Amino acid sequence: VRKKLLKKPTRFAVIKEHTLDPTELASTESIANVLEDLTGQREHSRVRIYDNYEQALEASERGEVPALSDDDRQKIVANPVFGWTRPNNRGELVVVLIANRIPAGAERAAFMHEVGQHLGIEGVLSPEQITALAARISAWHEADDGSLESQLARRALARYAHGRAIGAYSDADLEVELLAYFLEEA
């Protein structure tokens, strides 16, 4: 089962290029406050919050969060990954958020990226519907007409392109990450 789950893609989220060295960072407390504000709960079995990536990787080794491939572990160490989503041994998606890689004030956006998109939208929409939404976001990007949708789409695609450039994503990730970054930017 573990080998089968390791073959499933890990969905990574990286911070904005212009915030790679923020002076103030989120905390596990500030992220728990967002979780409570949005869900009414400070903790959730499918949302795990750690101070830093070392703690998150150790939790993966102990089996507290889903196992990661060696390649995924290297991406997390080498890139400004603030979170990821992986299936556990029951096939349920689990979100991991890393507080010291999230700028203070961006906790809600990080939460919406991982939980709203990867746990929410991907669990509700079919692959065809996701493709259709990604196409609509791409059309807004191409329109470049100053509308709010166009502005959000341009920022979302820039975020994906940054993640792709640093090796956090492959071409296969475009549609789901474009939706996640659009949701995060909104």
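Note that the structure is predicted; figures quoted are calculated from it, not measured.
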Any donor-acceptor N or O pair under 3.5 Å, side chains Arg42, Asn33: yes
Asp173 side-chain N/O to Glu177 backbone N/O, donor-acceptor pair under 3.5 Å: no
Main-chain N/O of Val81 paired with Arg101 side-chain donor or acceptor, under 3.5 Å: yes
For the student: nearest non-hydrogen atoms of Ser27 and Ala99, plus distance: C-CB, 3.6 Å
Joint hydrophobic cluster, Val94 plus Leu35, side-chain heavy atoms closer than 4.5 Å: no
Under 3.5 Å: donor-acceptor pair, side chain of Ser30, backbone of Ala26: no
Side-chain donor/acceptor of Arg46 to backbone N/O of Val95, under 3.5 Å: no
Nearest-0.5 Å distance, CD1 of residue Ile76 to CG of residue Leu68: 4.5 Å
Worked verdict on Leu157 versus Leu174 for side chain to side chain contact (heavy atoms under 4.5 Å, CB included): CA-CA 9 Å; Leu157 193 58; Leu174 174 62; 4.1 Å; yes
Check: Tyr53 main-chain N/O paired with Gln55 side-chain donor or acceptor under 3.5 Å: no
Arg48 (side chain) donor-acceptor with Glu64 (main chain) under 3.5 angstrom: yes
Ile137 CD1 to Ser150 OG distance, which is reported to the nearest 0.5 Å: 12.0 Å
Glu184 backbone acceptor or donor facing Arg108 side chain under 3.5 Å: no
Sequence-distant partners of Glu149, side-chain contact (heavy atoms from CB on, under 4.5 Å), two or more places apart: Trp140, Ser147
Pair Gln117-His113, side-chain donor/acceptor within less than 3.5 Å: no
Side chain to side chain contact (heavy atoms under 4.5 Å, CB included) evaluation trace for Val176 with Glu122: CA-CA 8 Å; Val176 293; Glu122 287 181 62; 3.8 Å; yes
Side-chain (Thr28) to main-chain (Ile49) donor-acceptor, under 3.5 angstrom: no
Gln129: side chain to side chain donor-acceptor pair (under 3.5 Å) partners, not counting sequence neighbours: Ser126
Glu185 side chain to Arg155 backbone, donor-acceptor under 3.5 Å: no
Verdict with supporting geometry, His162 and Arg159, side chain to side chain contact (heavy atoms under 4.5 Å, CB included): CA-CA 5 Å; His162 172 68; Arg159 298 279 305 281; 5.8 Å; no
Stepwise side chain to side chain contact (heavy atoms under 4.5 Å, CB included) check, Met112 with Leu38: CA-CA 10 Å; Met112 291 306 294; Leu38 295 174; 4.2 Å; yes
Crowding at CD, Glu92 (>12 non-hydrogen neighbours, <6.0 Å): yes
Backbone N/O of His141 and side chain of Arg154: donor-acceptor pair under 3.5 Å: yes
